[in-house]
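Atoms within each ligand, like the ligands themselves, are counted from 1 in listed order. Both backbone and side-chain heavy atoms feed into the values below; hydrogens, waters and symmetry mates do not.
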Amino acid sequence: MHLDFSAEESAFRGEVRALISRVFPPGAPFDGSPADEARWHQALLARGWAVNKFPVAFGGPGWTAAMNFIWERETSAAGVPAQVGGMGPGMLAPVLFAFGSAEQQQRFLPGIVADTTRWCQGYSEPGAGSDLAALRTRAVREGEFYVVDGEKVWTSGAHKADWIFCLTRTATEAKRQAGITFLLIDMRSPGVTVTPIISIDGRHSFNRVTFDAVRVPVENRIGEEGQGWTYAKGLLTHERTGQAFVSLSLNLARGIRIAASTEIPGSQGDRLIDDPGFAKRLAGLEIELRALEMTELRTLWEVAAGSAPGAQSSMLKLKGTDIVQGLTELYVECAGPYAAPWFPEVDGVAEPLGPAWARREVARYLEGRAASIAGGSDEIQRNIMAKHVLKI
Ligand SMILES: Cc1cc2nc3c(=O)[nH]c(=O)nc-3n(C[C@H](O)[C@H](O)[C@H](O)COP(=O)(O)OP(=O)(O)OC[C@H]3O[C@@H](n4cnc5c(N)ncnc54)[C@H](O)[C@@H]3O)c2cc1C
């Protein structure tokens with residue numbers, strides 16, 4: 001692991017900054033709208049950087065671990081997405097590279113690269129989350145089709161997705177893990193129903209997805225029948241490594257310093273940063289964040305050198321979650337009385353410490369609670385660490 005960037009890496013950082021400021025010049029930042037997202041994606045496609053984690057053989061730019069790190073930090077600091085396209089490029093594509101047939105790669109990868117096909121992940125079910133192998137959505141072979149019946153839950157983005165990659169049960173007699181099959185299902189298939197679930201932050205990102213005699217062509221099966229667990233498992237380790245939230249936390253910490261250094265409305269020039277208790281908690285989280293950043297860097301370098309992330313991905317996820325949640329709690333303190341859910345004045349400009357700002361930050365605080373569950377709960381991460389690191 002090295003901490004200084006080489007001349008080439010520093011030059012690359014300059015190129016990244018130049019691209020970002022060409023597409024979103026100072027004063028006209030990325031606004032999160034679908035139009036800005038599409039503009040950014042087009043610029044990335046033109047530059048050959050749209051799918052930066054893809055292997056070169058599949059159109060990726062062949063970046064080193066250091067370049068990926070620079071990309072992640074620079075895009076995050078500028079507030080632009082590191083990758084457009086959600087679960088397609090980040091989660092399904094690695095499965096297609098490793099286990100998809102040549103036909104499946106040709107059929108599905110172009111839509112992921114061009115961001116014309118959006119994917120969602122159908123793993124969890126009522127009664128099968130932490131214990132995913134308990135899943136019961138059935139896929140019964142009938143000639144050249146599987147007939148799928150069952151229910152998935154907490155499916156992020158299903159209401160915007162064109163396809164779902166899904167774990168289904170094709171056998172019940174063998175070991176539970178051995179009877180699972182990985183299917184790709186068109187969300188427009190007759191019998192697929194998406195029902196919204198509104199989360200505590202007031203947003204619609206989750207859904208319940210039900211399958212009622214949905215006919216799925218056998219050619220949409222990844223790899224072999226009964227091997228889906230093996231394909232899905234590798235994916236989950238990588239999902240967790242990406243959940244240290246370091247870039248997000250760096251931005252949050254910077255934002256808190258600004259908010260806490262702003263005069264509290266209606267006070268005699270009081271600022272939260274002058275409260276030693278508050279300042280100590282913020283500094284403590286910032287120190288932990290620096291330590292996490294080093295652990296993340298070490299993991300990135302080890303993975304780049306060929307080792308699997310293993311239990312380290314659980315450590316990163318657990319500590320990263322802690323820090324994000326601690327920082328969002330400080331935001332709620334900054335929001336003061338405006339953090340109360342009944343506060344009526346929520347329109348207007350998001351000035352630091354004002355009501356509109358407070359509403360956004362409180363929503364982020366509430367959303368942050370879900371990080372303790374998504375991608376495997378805190379308790380499950382602790383179990384993994386106990387097994388692999390402490391050998392309990
Ligand atoms: C933001 C977010 C996005 C998500 N997106 C998706 C998605 O797109 N697709 C998808 O398929 N799923 C998604 N999920 C679901 C997620 O994977 C599950 O919620 C998670 O795996 C936990 O499962 P569960 O909700 O069934 O809880 P349970 O497994 O029922 O757990 C309940 C509680 O029991 C504890 N527990 C369970 N087993 C053990 C054990 N062995 N030891 C100690 N404690 C234990 C857990 O830690 C938890 O506190 C998402 C979840 C969140 C929060």
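Here's the thing with T155: none of its N/O atoms is less than 3.5 angstrom from an N/O atom of ligand 1. For ligand 1, the polar-atom distance check finds an N/O of W154 within less than 3.5 Å of one of the ligand's N/O atoms. In terms of N/O distances under 3.5 Å, ligand 1 is approached by Q121.
For atom 21 (O) of ligand 1, the nearest non-hydrogen atom of the protein is G129 C, 3.6 Å. Protein heavy atom closest to atom 31 (O) of ligand 1, with residue, atom name and distance, is S130 OG, 3.6 Å. Protein heavy atom closest to atom 16 (C) of ligand 1, with residue, atom name and distance, is S124 OG, 3.6 Å. Of all protein heavy atoms, the one closest to atom 43 (C) of ligand 1 is E379 CB, 3.7 Å.
For the residue pair R47/N52, the side-chain donor-acceptor check at 3.5 Å is not satisfied. Side-chain N/O atoms of E125 and T137 include a donor and acceptor closer than 3.5 Å. Residues N207 and T195 bring no donor and acceptor atom of their side chains to less than 3.5 Å of each other.
For atom 39 (C) of ligand 1, the nearest non-hydrogen atom from the set I164, L167, L132, I380 belongs to I380. The heavy atom nearest to atom 1 (C) of ligand 1, considering only W119, Y123, F165, F206, is found in F206.
Ring planes of F182 and Y123: perpendicular class, angle over 60° (limits at 30 and 60°).
Atom numbering of ligand 1 starts at 1 in the shown order; those under 4.0 Å from a heavy atom of A370 are 1 (C), 53 (C). The distance from ligand 1 to the heavy atoms of N383 drops below 4.0 Å at these ligand atoms: 40 (C), 41 (N), 42 (N), 43 (C).
For atom 35 (C) of ligand 1, no protein non-hydrogen atom is found at a distance below 4.0 Å. In this structure, atom 14 (N) of ligand 1 has protein heavy atoms in its sub-4.0 angstrom surroundings.
In this structure the side chain of R141 reaches within 4.5 angstrom of the side chain of V218, judged on heavy atoms. The closest side-chain heavy-atom distance from W229 to L132 is below 4.5 Å. With a 4.5 Å cut-off on side-chain heavy atoms, R271 and F278 do not count as touching. Residues L96 and F165 fail the side-chain proximity criterion, which asks for heavy atoms closer than 4.5 Å. At least one side-chain heavy atom of F211 sits under 4.5 Å from a side-chain heavy atom of V192.
Using 4.0 Å as the threshold, M87 has a heavy atom nearer than that to some atom of ligand 1.
The part of S377 lying near ligand 1 is the side chain, judged by heavy-atom distances below 4.0 Å.
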